[in-house]
**Q** 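Have a look at this one before I ask anything.
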Number of protein chains: 2
Amino acid sequence: MGRRIVSKGELTRESILEGAYQLFLQQGYHGTSMRQIAAEAGIALGGIYNHFSGKEEIFTAVLEAYHPIHEIVPVIQASEGATIEEYVRNAAMGMMTALERQPGFLNLIFIEIVEFNSLHLPDLVDMTFPKVMSIVGPFAESQNKLKDIPLQSIVRSFIGLMFMQYFAEKLVGSQFVAMPLEEAFEQTLQIFLHGILAE
Amino acid sequence: MGRRIVSKGELTRESILEGAYQLFLQQGYHGTSMRQIAAEAGIALGGIYNHFSGKEEIFTAVLEAYHPIHEIVPVIQASEGATIEEYVRNAAMGMMTALERQPGFLNLIFIEIVEFNSLHLPDLVDMTFPKVMSIVGPFAESQNKLKDIPLQSIVRSFIGLMFMQYFAEKLVGSQFVAMPLEEAFEQTLQIFLHGILAE
DNA sequence: CCTACCGATCGGTAGG
DNA sequence: CCTACCGATCGGTAGG
């Protein structure tokens, strides 16, 4: 909201994070050097160590700063709709938009999986999933139009389908999406809605 | 089928591929050195270059040798069932088993995405997806019990849900799967089946 | 925050 | 002349 008052040191720290973020996305963690990060941030190599104890701490901080939850939770909260059908449709479009606007989210998670052997992934999920559940839960439970399936399974399937849809969009032009994207999105939504709504 | 007759050189080449595969899974591409690959294969560093022109060519060869399609297509082909419901259930269980037995498949693809910026991913998908479609197509189309949704969307959603389920299994113990795994698998299957079957 | 470096290791290649 | 390697070292770069 309000403009934060930041010291020069904080500005430097943030430019390190932003430079590192861009480089990690393009080259991965091990493929990115501390010298590249320093150059991107406009400082000398040694200067980095005034802000971070090492390369891994930079990655941790980037993971926190660019965490999907910051982008996606407000989108889901903003989702409204008279029926669950409308609500799901709005949430789905909001999530796709959020993913498209910040395509680096998934890559950071892939880096965590590939180059850190999923070391911090359980913590990450434990931090994220309850937040999503607490937002989705009240709305869904106030309705009686869902099949008798645990809300957790429903949310998990929703996320899985959105990720798959997102992958399909990244692969435009391949056989994987031989139909218009809007149409593919609609089909995925139909399968999900038929899957969760009571007759 | 029959036992291949392989020269000593071919055996060396294959041990390089296997060693590189294991190391890539644990450390990623840039995190793995040619010296580690050589040690894993039981030869000297220089010996590698009699079989591969460089590190990237090794990764390409590993991607080909351990391609998911080799494992998953026979599983789907072996899937039978009097009804689509049975068929889907068998295919789902077969795919989960295949993924669990070869957990490296997904990681190789993540390495491709993260460390090579998805350079060869479209080609990979174009090679794989049509094969799956040609196997699934005839069976599904011989039935009239599906909703009016393109087969391509159905297959894509199926793959998305299986991947999500697989991720959930890797995250056992976290909030993400607060129910028994068999139950979570069943719930995912219910959503999919309700989503695609005609009333 | 910089310059000047360190111990070690990187991917790749030399001659034999 | 080929293959399948070796011990040693190349020019550069890694994180700190």
Side-chain angles (χ1 to χ4, degrees), chain A residues 5-64 108 111-112 114-117 119-120, chain B residues 4-65 108 111-112 114-117 119-120:
Chain A
I5 295 167
V6 290
S7 65
K8 194 182 169 204
E10 282 179 72
L11 282 174
T12 301
R13 188 192 145 94
E14 281 172 20
S15 68
I16 292 171
L17 283 181
E18 191 185 324
Y21 170 70
Q22 299 295 344
L23 289 164
F24 287 156
L25 292 191
Q26 290 161 26
Q27 306 170 336
Y29 177 79
H30 286 113
T32 297
S33 72
M34 292 293 268
R35 280 170 178 80
Q36 287 177 315
I37 296 172
E40 203 74 11
I43 61 172
L45 171 66
I48 292 181
Y49 294 90
N50 293 314
H51 301 274
F52 299 95
S53 67
K55 195 180 177 185
E56 187 161 347
E57 195 181 292
I58 294 179
F59 181 73
T60 302
V62 167
L63 213 54
E64 153 66 24
L108 285 182
I111 291 172
E112 161 69 15
V114 168
E115 304 195 65
F116 289 94
N117 239 316
L119 188 63
H120 309 295
Chain B
R4 283 177 310 152
I5 295 167
V6 290
S7 67
K8 195 182 168 204
E10 281 178 73
L11 283 174
T12 301
R13 187 193 147 95
E14 281 172 20
S15 69
I16 291 171
L17 284 181
E18 192 185 322
Y21 170 70
Q22 299 294 345
L23 289 164
F24 287 155
L25 292 191
Q26 291 161 24
Q27 307 171 334
Y29 177 79
H30 286 112
T32 297
S33 71
M34 292 294 268
R35 281 168 179 80
Q36 287 177 314
I37 295 172
E40 202 75 9
I43 60 173
L45 169 67
I48 292 181
Y49 295 91
N50 292 313
H51 302 274
F52 299 96
S53 69
K55 194 180 178 185
E56 186 161 346
E57 196 182 290
I58 294 179
F59 180 74
T60 302
V62 167
L63 214 54
E64 153 66 24
L108 286 182
I111 291 172
E112 161 69 15
V114 168
E115 306 195 65
F116 289 93
N117 239 316
L119 188 62
H120 310 295

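In what follows, chains are A, B, ... by sequence order, proteins preceding strands, each numbered from 1.
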**Q** Heavy atoms under 4.0 Å, any strand shown: does Leu45(A) hit a base, just sugar-phosphate, or nothing?
**A**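 Base, at least one base heavy atom under 4.0 Å.
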**Q** Can you sort out the partners of Glu18(A) under side-chain hydrogen bond (donor to acceptor under 3.5 Å, both in side chains), two or more places apart, ordered by chain and number?
**A** none
**Q** Can you tell me, in whole Å, how much space there is between the C1' of dG11(C) and that of dT9(D)?
**A** 13 Å
**Q** Near DNA chain D, which residues from residues 28-36 of chain A have a heavy atom under 4.0 Å away?
**A** Thr32(A), Ser33(A), Met34(A), Arg35(A)
**Q** Calculate the interatomic distance between Lys55(B) atom NZ and dC10(C) atom P; express it in whole Å.
**A** 9 Å
**Q** Can you sort out the partners of Glu112(A) under side-chain hydrogen bond (donor to acceptor under 3.5 Å, both in side chains), two or more places apart, ordered by chain and number?
**A** none
**Q** Please identify each residue that fulfils side chain to side chain contact (heavy atoms under 4.5 Å, CB included) with Ser33(A), with sequence neighbours left out.
**A** Arg35(A), Gln36(A)
**Q** Counting runs of three or more consecutive pairs, Watson-Crick or G-U wobble, with each distance below 3.5 Å, where are the stems of DNA chain C?
**A** none
**Q** Applying side-chain hydrogen bond (donor to acceptor under 3.5 Å, both in side chains), can you list everything that pairs with His51(A), at least two apart in sequence or on another chain?
**A** none
**Q** Tabulated below should be each protein N or O lying under 3.5 Å from an N or O of nucleotides 2-5 of chain D; please produce it.
**A**
unit_1 : atom_1 : unit_2   : atom_2 : d
dC5(D) : OP2    : Thr12(B) : OG1    : 2.7

**Q** Can you pull out every side-chain hydrogen bond (donor to acceptor under 3.5 Å, both in side chains) where at least one residue sits in residues 20-30 of chain B? Sequence neighbours excluded, please.
**A** Gln27(B)-Thr32(B), His30(B)-Glu115(B)
**Q** Return no unless some side-chain N or O of Tyr49(B) is found under 4.0 Å from OP1 or OP2 of dT13(C).
**A** no
**Q** For Leu108(A) versus Phe59(A), what's the shortest heavy-atom pair and its separation?
**A**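 So the minimum-distance heavy-atom pair works out to O-CZ, 3.9 Å.
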**Q** State which residues pass side chain to side chain contact (heavy atoms under 4.5 Å, CB included) with Glu64(A); sequence neighbours excluded, sorted by chain then number.
**A**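 By the side chain to side chain contact (heavy atoms under 4.5 Å, CB included) rule, Glu64(A) matches His70(A).
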